[in-house]
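Below you'll find the structure, written out as structure tokens, and then a few comments.
Lettering of chains follows the sequences in order, A, B, ..., and the numbering in each one begins at 1. Note that the structure is predicted; figures quoted are calculated from it, not measured. Computation of the quantities below employed the complete heavy-atom set of this structure, encompassing side-chain atoms and omitting hydrogens, waters and symmetry-equivalent molecules.
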Protein chains: 2
Amino acid sequence: MNIGEVAKRSGLPSKTIRYYEEIGLVKPLRDVNGYRAFRDSDLHKLAFLNRARTLGFTIEDCRTLLTLYEDKSRASADVKELAEAHLHKIEDKIAQLQSMRDTLSELVHSCAGDNRPDCPILKDLAAETAT
Amino acid sequence: MNIGEVAKRSGLPSKTIRYYEEIGLVKPLRDVNGYRAFRDSDLHKLAFLNRARTLGFTIEDCRTLLTLYEDKSRASADVKELAEAHLHKIEDKIAQLQSMRDTLSELVHSCAGDNRPDCPILKDLAAETAT
DNA sequence: CTTGACCTTCCAGTCACTGGAACCCTTATC
DNA sequence: GATAAGGGTTCCAGTGACTGGAAGGTCAAG
């Protein structure tokens with residue numbers, strides 16, 4: 001398979017696939033004309049990567065996950081640990097964003113949004129934290 | 001004020017303050033020795049920036065907000081519009097993260113996490129999307 | 001005079017791509 | 001055989017918002 005087809009089938013842009021090769025996540029063969037020649041196993045890996053990235057795993061996490069995936073004697077505990085750590089990070093991030101949202105939402109609602117200059121949003125941003 | 005004190009008082013690292021000068025968000029004066037000399041108004045701006053960044057506004061948003069803040073004839077609608085757009089982005093991001101979290105959480109719970117190799121997390125990541 | 005805590009600039013790295021330029025290969029059509 | 005479209009290739013630069021580190025200047029205290 002050429003890169004275009006693999007892109008279509010894996011859901012990843014060609015650029016990204018080239019990048020993944022560059023950082024050693026996939027190692028496609030080469031045709032005589034220099035084109036990358038992807039095997040089914042490469043496609044499979046790329047789809048795996050796409051899914052893992054969609055779930056927010058970092059590239060380094062993905063690298064580890066791929067290794068674990070290919071290590072048939074892995075302990076599922078290792079995978080679970082990684083996934084749990086990632087889950088916690090996501091939950092932290094959500095909490096942080098929710099706190100932003102709550103504050104912002106309040107500010108937005110308190111602002112008249114007309115053509116007068118008085119604006120509680122700017123007032124809040126400019127507020128002294130303490131003296 | 002020297003940068004160290006402004007850092008302490010604004011809550012921003014010195015490095016960040018230098019960076020903000022570099023991109024034109026603040027324009028402190030200079031002492032004869034080359035040290036940055038911050039006025040109260042600079043400190044005030046930096047605290048404003050810190051607060052806005054904490055709420056997740058991009059640097060470019062911050063630049064606009066600062067301009068609006070200093071334009072005493074602004075319309076509060078302009079501020080509100082910017083804040084609302086940002087709020088929507090945050091809400092989208094939250095939704096996206098929640099969807100990740102839900103999937104991940106399910107996967108984590110379905111995985112025994114023992115020393116056997118069987119792992120639903122990897123299975124899911126490797127699943128074909130369609131044929 | 002030296003020590004240590006400041007301050008300065010400049011350069012490189014982060015993360016995971018993404019865009020673009022310049023060029024090569026393949027296939028079809030005229 | 002020329003040409004054009006639509007693949008593919010490499011390499012370089014840029015993104016956002018810092019952050020780390022090196023190499024060096026300045027200042028106050030002892």
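When the P atom of D:dA28 is taken as reference, atom CG of B:Asn2 falls 10 Å away, rounded to whole Å. Distance A:Glu60 CD to C:dC15 C1': 10 Å, rounded to the nearest Å. A:Arg53 places its CZ atom 14 Å from the C1' atom of C:dT18, with the value rounded to the nearest Å. Between the P atom of D:dT9 and the CZ atom of A:Arg30 lies a distance of 6 Å, rounded to the nearest Å. Look at CD on B:Glu22: it is 11 Å from C1' on C:dC11, rounded to the nearest Å. Atom CE in A:Met1 sits about 13 Å away from atom P in D:dG8, given to the nearest Å. To the nearest angstrom, C1' of C:dT9 lies 12 Å from CD1 of B:Ile3. The interatomic distance linking A:Arg63 (CZ) with C:dC15 (C1') rounds to 13 Å, in whole Å.
Nearest nucleotide to the side chain of B:Tyr35, out of C:dC25, C:dT8, D:dG8: C:dT8. Of the candidates D:dG21, D:dA17, C:dT8, D:dG21 carries the atom nearest the B:Lys15 side chain, counting heavy atoms from C-beta on. In the set D:dC18, C:dT18, D:dT26, D:dC18 carries the atom at the smallest distance from any side-chain atom of B:Ile59. Listed candidates were C:dC25, C:dA16, D:dT9. Nearest to the side chain of A:Arg36 is D:dT9.
Listed for the A:His86 side chain is a donor-acceptor partner under 3.5 Å among the backbone atoms of A:Leu55.
To the nearest 0.5 angstrom, A:Tyr19 atom OH is 8.0 Å from A:Leu25 atom CG. Taken from CD in A:Glu106 to CG in A:Leu104, the straight-line distance is 10.0 Å, to the nearest 0.5 Å. To the nearest 0.5 angstrom, A:Leu49 atom CG is 5.5 Å from A:Cys62 atom SG.
By the neighbour-count criterion of 12 heavy atoms within 6.0 Å, atom CD of A:Glu81 is sparsely surrounded, having that number or fewer from other residues, nucleotides or ligands. More than 12 heavy-atom neighbours from other residues, nucleotides or ligands sit within 6.0 angstrom of CZ on B:Arg39.
In this structure, A:Ile23 reaches neither bases nor backbone, as no heavy-atom distance under 4.0 Å exists between it and the strands shown. Within the nucleic acid shown, B:Ser14 has no heavy atom closer than 4.0 Å to any nucleic acid atom. The residue A:Tyr20 sits close only to the backbone: its heavy atoms come under 4.0 Å of sugar-phosphate atoms, none of a base. Contacts of A:Arg18 with the nucleic acid, taken as non-hydrogen atoms under 4.0 Å apart, include base atoms.
Closest-nucleotide positions on DNA chain D for A:Glu5 and B:Leu12 were compared, and the one nearer the 5' end corresponds to A:Glu5.
Using a 4.0 Å cut-off, some side-chain N or O of A:Thr16 falls inside it from OP1 or OP2 of C:dT18. At D:dG8, none of the side-chain N or O atoms of A:Asn33 fall inside 4.0 Å of OP1 or OP2 (strictly under the cut-off).
The nearest pair of heavy atoms linking A:Leu107 to A:Ile121 is O-CG1, 3.6 Å.
The terminal axes of the helix from C:dC1-D:dG30 to C:dC30-D:dG1, fitted over 5 pairs per end, subtend an angle of 30° to the nearest 10°.
Residue B:Tyr19 places no side-chain atom within donor-acceptor reach of the base of D:dG16, judged by atom type and a 3.5 Å distance cut-off alone.
B:Ile17 and B:Tyr35 sit in two unconnected hydrophobic clusters of ILVMFWY residues. Membership requires side-chain heavy atoms under 4.5 Å apart, directly or through other members.
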